[in-house]
K.L.:
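Can you read through this structure? Questions will come right after.
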Amino acid sequence: MDLFEKISADIKTAMLAREKVRLETLRGIKKEFLEAKTAKGGDGSLSDEAATKILAKMAKQRRETSQIYEEQNRPELRDNELAEAAVIEEYLPKQLSDEELTAELKKIIAETGATSPKEMGKVMGVASKTLAGRADGKVISAKVRELLNN
């Protein structure tokens, strides 16, 4: 069962359980998936890899929005965004810990043969594809910069 089918099945489950936030979030996910499937230049299908990228983007948006609501002292809106982010993250691959990320990046740096910060682009190209959905781009970038500077 691919992610699209799993989301559709979970929408039915959320409806029956009357879980308002979960249902609303899953419908939002399905909407994004449908838009991606029918986008211009698309072939009418959605790979799990593309779906994971969409989910990662959605989760990141929710976290950033909750941060803004926190700064504006709007806890009720912040809590809703965090609840939606939690539902979205259930469908994402497990996030890498700091140690796991460092180990993965050291392997990628060794494979690409990068030795200086000037070659960061080469490493980031491979790292963003390999670690998509398992680590945030900003975190990957910061860690690569740190490793190449040492």
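Residue numbers start at 1 and run along the sequence shown. Since we're looking at a predicted model, the values are computed, not measured.
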K.L.:
For F33, what are the other residues in its hydrophobic cluster, where any two members join if their side-chain heavy atoms are less than 4.5 angstrom apart?
P.N.:
L3, F4, I7, I11, M15, L23, L26, I29, L34, L46, I54, L55, M58, V87, I88, Y91, L92
K.L.:
Kindly give the heavy-atom pair with the smallest separation between V21 and T25, and that separation in Å.
P.N.:
O-OG1, 2.8 Å
K.L.:
Please examine the side chains of I140 and S128, heavy atoms only from C-beta on, and report whether any two atoms are closer than 4.5 Å.
P.N.:
no
K.L.:
Short question: side chain of S141, backbone of G137 - any donor-acceptor pair under 3.5 Å?
P.N.:
no
K.L.:
In Å, rounded to the nearest 0.5 Å, how long is the span from CZ of R63 to CD of E81?
P.N.:
11.5 Å
K.L.:
Distance check, rounded to the nearest 0.5 Å: E32 atom CD versus E35 atom CD?
P.N.:
5.0 Å
K.L.:
Identify the heavy atoms of A59 and A85 that sit nearest to each other, and give their distance.
P.N.:
O-CB, 4.3 Å
K.L.:
Please list, chain by chain and in numerical order, all residues satisfying side chain to side chain donor-acceptor pair (under 3.5 Å) with E24, sequence neighbours excluded.
P.N.:
none
K.L.:
Side chain to side chain donor-acceptor pair (under 3.5 Å) with S8: which residues, sequence neighbours excluded?
P.N.:
K30
K.L.:
Holding to side chain to side chain donor-acceptor pair (under 3.5 Å), I want the full list of residues that pass it with D98, two or more places apart in sequence or in another chain.
P.N.:
K143
K.L.:
So do the side chains of K57 and Q61 get within less than 4.5 Å of each other, counting heavy atoms only?
P.N.:
yes
K.L.:
With side chains defined as the heavy atoms from C-beta onward, is the minimum distance between I68 and E64 less than 4.5 Å?
P.N.:
no
K.L.:
Kindly state each residue pair satisfying salt bridge (charged side-chain N to carboxylate O under 4.0 Å, His left out) with at least one member in residues 108-119, sequence neighbours excluded.
P.N.:
E119-K122
K.L.:
Could you see if V144 belongs to whatever hydrophobic cluster contains V139? Use Ile, Leu, Val, Met, Phe, Trp, Tyr and a side-chain cutoff under 4.5 Å.
P.N.:
yes
K.L.:
Mind running side-chain contact (heavy atoms from CB on, under 4.5 Å) on E89 and R62 for me, showing each step along the way?
P.N.:
CA-CA 11 Å; E89 287 167 355; R62 299 307 186 285; over 6 Å; no
K.L.:
Applying side-chain contact (heavy atoms from CB on, under 4.5 Å) between R145 and each of L147, L148, N149, report the one that passes.
P.N.:
N149
K.L.:
R74: which residues meet the side chain to side chain donor-acceptor pair (under 3.5 Å) condition with it, sequence neighbours left out?
P.N.:
E76
